[in-house]
Amino acid sequence: MNKKLICILVSNLFAIAPAFGQASSDFKIGGSVGFGGISVDDKDAADPSKLTEYRDLSNGVLTNFDIRGRGSRYWLDAFGENLGRDDQYLNLRGGMYDVFKYRLYSDSLRHNLMFNGITPYAGAGGPAQTATFPQLDPTTWNGIDIGYKRRDDGFHFEFQGASPWYVRAEGNQVTWKGTKPGASSQGTSPGNGFVDLSFPVEYKTKNASIEGGYNSKTMHFDLSWMTSKFENENESITWTNGYFGNGIDRTYLAPDNKYTRFAGNATIRALPLNSTLAARFTSDELKSSAALGASVLNTVTGGFASTGPNTDSFDGKIRNDTFTLALASAPTKGLDTRLYLNYLKRNDDSNHVEFNSTAIPGPFDNELFSYKKNNYGFDVFYRINRGNRIGGGWDYLDTKREGRFDYDRTKDRRWFAEWKNSTLDELALRLKYIYLDRNSDFLLGDSGTGTGDVNYLNRYVTAFDLSNVNQDQWKLTLDYTPMDSLDLSFEGIIKNNDYKDNVLGRLKDDRREIYVSASYSMPAGVRLTVFGDAEEIKYDSQHRIVPNGSTATGVYDPLSPPTATAYNWTGQIKDRNWAYGIALDLPVSDKLVLKASAIYYKTDGSVDLALQEGVPASVVRPVPMGTWDDSKRTSFTIKAVYAMNKSWSFTGGYAYERYEYADAQYDGYRYTIPAANQQNSYLDGVYAFQPYKANIFFGMATYRF
Amino acid sequence: MRLQPILAGAVVLVGALMAMPAMAQKPAETPICANCHEQSHNSIALSHHGAKNDAAGTMCQACHGDATEHLKDPNKSKPSKQAKTATAAEKDAVCMTCHAGNRHLAFWESGKHAKNEVSCSACHNIHGKTKNLAVAPFETTSRPIEADTCGTCHKQVRNATLKPSHHPILEGKVKCSDCHNPHGALTPVMLKHETVNQQCFSCHADKRGPFVFGHPPVEENCLSCHTPHGSAHGKLLNEKAPNLCQDCHVTGRHPTAFYGSNQGWTNPSTGAPNASVSSRFIARGCLNCHNSIHGSNAPSNRGKFLIR
């Protein structure tokens, strides 16, 4: 398809070229064509997939073209690069001014996730992955790479010839081909071991939409309809389960789905008080269906058990309706206001499914999750004088939910205040503060009959995504331009979330970040930018260990004194990130420019763990994690661009990249975890060997016309 | 629906539309303004603005204002509209004179950029003025990266795209405007779709479901677990498992246990292989078993606990 597509696009260019030729004096065409190559040395990397995560760095030919045509009535842009490579990009845009415009494109991407892995499975990445367990000697396993290619081919066409009326059509197809990392427990408890799997990725998403509307300086309205169909070639895969007697187990993957949406937008300008009224509604529906599994692999000798579904199939259906209204006004000079309201209703109209059987007693019901959100608020900005502008706003969000066992309603109140100062021409300051107060209706506050009832612990199941929270957020921005060619900037952020009523789970999280940069630019000359960034993010949490099946008083109460079997522990996760970099454009002569860029990015994570004070010494203490997604990425690029004449230029360069990675979950990695009773675990190496070092050489000759 | 023939047909149609009326092109004219402002003229000659210009400099005057007096005596008076002294609203008003009828700008007045006095020219480099240099790693694309423009103000967001886990933004495969509408939207953070999840699902269609067994926080807000611009942790997660999962799952047996370095592959005190490796801690932690975290169609407890 790649070759076909290139042929179509290039032939189209040639087809239209003679037409422009007929009026060559009218239509100016300019552009460039480039041809070169790239050579990459990454031989020291055990798994160089991270190096090539989103880009094709295979040794080979590099190409690009960039053509622009302009006439008094027509225009055309054609751009392409990396032709025939996994990150190929083709784009053709054009049109007739005020009559029509169009775009055709194809954008490819390679997402590599693991090279040089190994697996005990034959057929890894396919719909049937087989092995005979135990297989504890990895030297006998099969090689495996994990990753997929994604390609997006699409177009749009807009006709404006009957202005102010217009019509627009869009369509695209996104194709995914390859594999992605997967895994599964072998039994139903983690104690039975797990296996790394490679899931097939053979997706196709087809999107199409049509929009018609009216566009003028004072009014806009449109109606649109879109459909999006997702198809997965493999809605489930089978794999050999060593714990369940080498029986054939099944993992369910994403189902096909179909999404349709009807939407309307409207804007009316030039209303009283210099106002603009904007409105939008959408109504969409998402559907999927799946046959339900009536049995599952369930015994250590490879036997199956009935799951006892109440119906043969699942018919998923979710409907969203939204409506938004916003009134933006500037009633007097310097005053700027906005009033708005948003409404969202999500209904999960899927059928009720329940599994219950003698072999696997339940019931296991699906929970249909629906909610309604009502949101309204206002913003006001007022320019006090030329140098000072103040602003503030208030926002209220009321969410009612059905289908969550813990919370059925939350109310979020948010307000902000900001001050912008540009009294000094060369200095701009912006200070903004945001406060959020979320109050929730917690449904489990009376759970359990006493502190010895296991259900009592539910009183503390306060998931941070909906629990009561106070949030403070500060942001300060300074831009200083002491001279035309020099920009200095500072940005600082403080954000604190205090989950004020939580006893277990996340208690608070804090983020602090400082960014500074300086840029120096001379017209058509030296350009220099340096930047530095430091960030710290902290998450504090508390948890409780309880003995299985105990009914002792106080066991399920995190406020009770600790014992050897019932006690609290706390965790503090810290992520500290640092980055600094420099970029330089240096004209050496009229014809030669050197361009260089260097970046160092370090991430340093840690987890501190501590037991509740008073926990008996007999309890094994946790050992903190000193490496927690720790990484260092060093990248350096230098290239020389030599403009031989107006037509020809040559670029040659070198890039160096080094990535170091350490993590407590992967340090000392092995491919197996041997265990008794067929409970061995088998891993394939994904994410375990990320470090790489690469030398990249590249060059290109470019012809301009 | 077979898109390939439709695409090919569209290409041919576009070619025909382009070829047919090209003969009717009018000669392009050099504006009088170019006699003095040659560089400014050259900078827009191959743009839409330049293509629609004429000998009188109509397009020049459309932005810079009436130049009648300026043309009579360039030293005495300037055109009526001066970019350097104009406020953001005044600059925007000039652009909106022609572009208010653009469908992308339908919600400009309600958008955050307009409210925060971000003028069109803050992002659109009309005359190709030298921009600040962006610091970037080696990439295989030669296209301008949109995040470099947005990053002029949103510096920390641009910096986040350098983190180990990121969308392919600096690689040129995802643009800021794929998710946000910089020209104004009625949604929070000017998302193109109505909600965060609808936005994410527009690309990640495999996560849409509906699944037999869902995961409500996932169904309401992807951002409870993920951060969109960049993270130190894989899959753009705010935290990694087991920490992230344990922030909500505080009951049951194994979700409440602590997992530390003494449950890893190596004994932290001796450096020797650890005999008591915990399969709940190493590698992907909770996801070693609960791999269908976005939802599952598996039956019974396999689906309920998101393990198949």
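The analysis underlying the following values was restricted to heavy atoms, covering all of them including side chains, and did not include hydrogens, waters or symmetry mates. In the text below, chain A, chain B and the rest are named by the order of the sequence lines, each starting its count at 1.
Interface remark: Asn274(B) contributes backbone atoms only to the contact with chain A (heavy atom separation under 4.5 Å). At a 4.5 Å heavy-atom cutoff, the contact between Cys153(B) and chain A is made by backbone atoms alone. Only the backbone of Ala134(B) comes within contact range of chain A, with at least one heavy atom under 4.5 Å from a heavy atom of that chain. Contacts between Phe211(B) and chain A at a heavy-atom distance below 4.5 Å involve backbone atoms as well as side-chain atoms. For chain A, the nearby part of Thr195(B) is the side chain; its heavy atoms alone come within less than 4.5 Å. The contact between Leu287(B) and chain A is made entirely by backbone atoms, counting heavy-atom distances below 4.5 Å. With a 4.5 angstrom heavy-atom cutoff, Asp54(B) does not touch chain A via any of its atoms. Proximity to chain A (any heavy atom under 4.5 Å) is restricted, for Ala241(B), to the backbone atoms N, CA, C and O. For His99(B), no part lies near chain A; criterion is any non-hydrogen pair under 4.5 Å. Interface remark: Glu171(B) contributes side-chain atoms only to the contact with chain A (heavy atom separation under 4.5 Å).
Checking Gln246(B) against Ser541(A) by side-chain atom types alone, no donor-acceptor pair falls below 3.5 Å. Checking Asn221(B) against Asp465(A) by side-chain atom types alone, no donor-acceptor pair falls below 3.5 Å. At a cut-off of 3.5 Å, with distance as the only test, a side-chain donor of Tyr259(A) or Gln198(B) sits close to an acceptor on the other residue. If you check the side chains of Glu194(B) and Thr322(A), you find no donor sitting under 3.5 Å from an acceptor. With hydrogens and angles left out, the side-chain atoms of Asp667(A) and Thr266(B) include no donor and acceptor closer than 3.5 Å. A side-chain donor from one of Arg208(B) and Ser228(A) sits under 3.5 Å from a side-chain acceptor of the other. A donor-acceptor contact closer than 3.5 angstrom links the side chains of Arg308(B) and Ser184(A). In summary, the side chains of Thr140(B) and Asp87(A) do present a donor paired with an acceptor at a separation below 3.5 Å, with no hydrogens or angles considered.
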Step by step, work out the side-chain contact (heavy atoms from CB on, under 4.5 Å) result for Tyr666(A) and Ile282(B).
CA-CA 7 Å; Tyr666(A) 290 96; Ile282(B) 50 93; over 6 Å; no
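In this structure, the ring of Tyr54(A) has its center no less than 6.0 angstrom from the ring center of His167(B).
The most heavy-atom pairs under 4.5 Å with chain B, out of Gln665(A), His543(A), His220(A), Glu491(A), come from Gln665(A). Ranked by heavy-atom pairs under 4.5 Å with chain B, the list Pro164(A), Gly668(A), Gly581(A), Gly316(A) is led by Gly668(A).
Aromatic ring orientation, Trp75(A) versus His48(B): tilted (interplanar angle from 30° to 60°). By the 30° and 60° cut-offs, the orientation of the rings of Phe213(B) relative to Phe355(A) is tilted.
In this structure, Arg338(A) does not pair ionically with Glu109(B), as no charged nitrogen and carboxylate oxygen lie closer than 4.0 Å. Classification of Lys115(B) and Asp336(A) as a salt-bridged pair holds, one side-chain N sitting under 4.0 Å from a carboxylate O. Salt-bridge annotation for Lys173(B) and Asp107(A): present, with a side-chain N of the basic residue lying under 4.0 Å from a carboxylate O of the acidic one. Between Arg404(A) and Glu219(B) no salt bridge is recorded (no basic side-chain N to carboxylate O distance below 4.0 Å). Ionic pairing of Glu513(A) and Lys155(B) is not present here: no N-O contact between side-chain nitrogen and carboxylate oxygen is shorter than 4.0 angstrom.
Looking at residues two or more places apart in sequence or on another chain, you find a ring-ring contact (aromatic ring centres under 6.0 Å, His included) between Tyr371(A) and Phe369(A). Qualifying ring-ring contact (aromatic ring centres under 6.0 Å, His included) partners for Tyr340(A), counting only residues two or more places apart in sequence or in other chains: none.
Asn132(B) places a side-chain heavy atom less than 4.5 Å from the side chain of Asp487(A).
Figure legend: cation-pi geometry between Arg143(B) and Tyr89(A), with NZ or CZ positioned under 6.0 Å from the six-membered ring centre and within 45° of its axis.
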